[in-house]
Undergrad: 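Next up is a structure, given as structure tokens.
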Protein chains: 2
Amino acid sequence: MEYVGTALAEMTMPQISPLAGEPIERADAERLAGVLKALADPARLRLLSLIQSAPEGEACVCDLTAPLGLSQPTVSHHLRILTEAGLLEREKRGVWAYYRLVPSAIATIADLLTPPRKRATKKAR
Amino acid sequence: MEYVGTALAEMTMPQISPLAGEPIERADAERLAGVLKALADPARLRLLSLIQSAPEGEACVCDLTAPLGLSQPTVSHHLRILTEAGLLEREKRGVWAYYRLVPSAIATIADLLTPPRKRATKKAR
DNA sequence: TGCTGATATGCAGGCGGGTCGATGCTGCTG
DNA sequence: CAGCAGCATCGACCCGCCTGCATATCAGCA
């Protein structure tokens, strides 16, 4: 498909220049928008929240369907988008697929939005 | 229209519980998603960036149309969405409409995303 | 007052995306 | 080796939204 395309991961989101500073370039804007688009959905925000607060910090699809009130295919769909955005990682154990947050992925996004701080990123070029 | 409806402003975004902690509630997820949806667009990210880096931290529509490569009505449309989301404020001086960032609006969003930190927000209720 | 320029709004076209039901796949189990 | 349970994928529907063109508003000016 053609969603985000692992924006955060291989797109190397950390290279996206922050919102602050000089005007953001077109490409950066599109990458950042891609990741934010993955976040900008109630169901997906709740998924992240549910997974993050789960016992081992992980959860399988069957645990997430009920709380969200969405069908299993729809939940899998959202999990896929979050995974491809680099926000979740998937591990299949037996019949179950366990999802957990990618350590500092969300924090990285927050840093890109936050203007003046310890940002170590050199926007190079 | 029926977009975000001044999500950040009167919706009092600061009352939205952060992503971290206990599972976020449906209403909070929708409010946060609403604001993020306003951010999750390349054109709007560039608008925020352009305005923020403008001389006086403000810019009028006529200054933003060219850099974006979008029509004037489209730019006005995006500015409206950002304004209604509580990210921009508008001031009309004469024939021109000047837009500037709402001081700590974006930072507030970043805080809601960032998990464990100085968050002072008491989720009350 | 009438004209011009800066913005906002209405309208419409086209695409992207959220959702579900049906189906395919794959390990586990009897 | 059937049968079943957990997930992913497919196809389809429908709504939301980005965009531009046309038009309405409104302020400044001759």
Side-chain angles (χ1 to χ4, degrees), chain A residues 1-5 7 26 29-30 32-48 50-51 54 58-85 88-100, chain B residues 1-5 7 26 29-30 32-48 50-51 54 58-85 88-100:
Chain A
M1 50 49 221
E2 64 319 18
Y3 278 105
V4 177
R26 180 106 69 92
E30 288 178 354
L32 182 51
V35 182
L36 288 174
K37 211 163 293 200
L39 274 179
D41 181 278
R44 291 197 280 272
L45 287 176
R46 296 181 69 197
L47 279 175
L48 291 174
L50 283 170
I51 294 175
E58 64 180 14
C60 58
V61 182
C62 57
D63 295 331
L64 301 168
T65 306
L68 279 189
L70 294 175
S71 69
Q72 174 268 315
T74 300
V75 172
S76 282
H77 170 71
H78 287 305
L79 290 173
R80 188 161 89 91
I81 292 181
L82 289 171
T83 302
E84 290 179 340
L88 287 182
E89 54 189 10
R90 190 184 97 121
E91 180 192 358
K92 185 139 190 181
R93 291 202 298 268
V95 191
W96 295 275
Y98 290 91
Y99 289 86
R100 52 173 57 249
Chain B
M1 51 46 219
E2 68 315 20
Y3 279 105
V4 177
R26 181 105 69 92
E30 288 177 355
L32 182 51
V35 182
L36 288 174
K37 210 163 294 206
L39 273 179
D41 181 277
R44 291 196 283 269
L45 288 176
R46 296 182 68 196
L47 280 174
L48 291 175
L50 284 169
I51 294 174
E58 65 181 13
C60 60
V61 182
C62 57
D63 295 329
L64 300 169
T65 306
L68 278 189
L70 293 175
S71 70
Q72 174 268 316
T74 300
V75 171
S76 283
H77 168 71
H78 287 305
L79 290 172
R80 189 161 90 91
I81 292 182
L82 288 171
T83 302
E84 288 179 342
L88 287 182
E89 53 187 12
R90 191 183 96 120
E91 180 193 356
K92 187 137 188 181
R93 292 204 296 269
V95 190
W96 295 275
Y98 290 91
Y99 289 86
R100 52 174 56 247

Undergrad: Could you tell me how far apart A:Leu79 (CG) and D:dC7 (P) are, to the nearest whole angstrom?
TA: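 Result: 10 Å.
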Undergrad: Please report, rounded to the nearest Å, how far the P atom of C:dG17 is from the CG atom of A:Leu70.
TA: 18 Å
Undergrad: Within the 4.0 Å limit for protein heavy atoms, which parts of nucleotides 22-30 of chain D are touched? Write it as a string from 5' to 3', B for base, S for sugar-phosphate only, - for none.
TA: B----SS--
Undergrad: Using the side-chain hydrogen bond (donor to acceptor under 3.5 Å, both in side chains) rule, collect all pairs that involve residues 59-71 of chain B, keeping only residues at least two apart or in two chains.
TA: B:Ser71-B:Thr74
Undergrad: Just N and O in the side chain of A:Arg44: are any of them under 4.0 Å from OP1 or OP2 of C:dG18?
TA: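 The answer is yes; a side-chain N or O of A:Arg44 sits under 4.0 Å from OP1 or OP2.
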Undergrad: If I take atom CG in residue B:Leu36 and atom P in nucleotide D:dC17, what distance separates them, rounded to the nearest angstrom?
TA: 14 Å
Undergrad: Using whole Å, what does the distance between atom C1' of nucleotide C:dT4 and atom CH2 of B:Trp96 come to?
TA: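 Those two atoms, CH2 and C1', are 12 Å apart.
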Undergrad: Would you please name every residue forming a salt bridge (charged side-chain N to carboxylate O under 4.0 Å, His left out) with B:Glu91, sequence neighbours left out?
TA: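 Checked B:Glu91 against salt bridge (charged side-chain N to carboxylate O under 4.0 Å, His left out); matches are B:Arg93.
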Undergrad: How long is the line joining CG of B:Leu68 and C1' of D:dC18, in whole Å?
TA: 13 Å
Undergrad: Is it the case that the side chain of A:Arg44 and the backbone of A:Leu82 share a donor-acceptor pair, with hydrogens and angles ignored and the cut-off at 3.5 Å?
TA: no
Undergrad: Using a cut-off of strictly less than 4.0 Å, decide whether B:His77 has a side-chain nitrogen or oxygen near OP1 or OP2 of D:dG20.
TA: no
Undergrad: Could you state the NZ-C1' distance from B:Lys37 to D:dC15, rounded to the nearest angstrom?
TA: 12 Å
Undergrad: What is the separation between atom NE2 on B:His78 and atom P on C:dT9, rounded to the nearest whole Å?
TA: 15 Å
Undergrad: Side-chain N or O of B:Thr74 less than 4.0 angstrom from OP1 or OP2 on D:dG20?
TA: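 Answer yes for this pair, as a side-chain N or O of B:Thr74 is under 4.0 Å from OP1 or OP2.
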Undergrad: So, applying side chain to side chain donor-acceptor pair (under 3.5 Å) with B:Arg80, which one of B:His78, B:Glu84, B:His77 is it?
TA: B:Glu84
Undergrad: A:Arg80 has a side chain; which of C:dA8, D:dC7, D:dT9 sits nearest to it?
TA: D:dT9
Undergrad: I need the CG-P distance between A:Leu82 and D:dA8, as an integer number of Å.
TA: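 Rounding to the nearest Å, CG of A:Leu82 and P of D:dA8 are 12 Å apart.
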Undergrad: Checking A:Ala54 now: which residues fulfil side chain to side chain contact (heavy atoms under 4.5 Å, CB included) with it, not counting sequence neighbours?
TA: A:Ala59
Undergrad: Quick one: is B:Arg90 getting a side-chain N or O under 4.0 Å of the C:dT7 phosphate, OP1 or OP2?
TA: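 Checking C:dT7 against B:Arg90, no side-chain N or O comes under 4.0 Å of OP1 or OP2.
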Undergrad: Run the side-chain hydrogen bond (donor to acceptor under 3.5 Å, both in side chains) test against B:Arg46 and tell me which residues pass, sequence neighbours left out.
TA: none
Undergrad: Check side-chain hydrogen bond (donor to acceptor under 3.5 Å, both in side chains) between B:Arg100 and all other residues, then give those that pass, not counting sequence neighbours.
TA: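 Testing B:Arg100 for side-chain hydrogen bond (donor to acceptor under 3.5 Å, both in side chains), a comparison that skips the adjacent residues, returns B:Glu58.
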Undergrad: Is any side-chain N or O of A:Tyr99 closer than 4.0 Å to OP1 or OP2 of D:dA8?
TA: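 Answer yes for this pair, as a side-chain N or O of A:Tyr99 is under 4.0 Å from OP1 or OP2.
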Undergrad: So A:Tyr98, base contact, sugar-phosphate only, or nothing? Heavy-atom distance under 4.0 Å.
TA: nothing
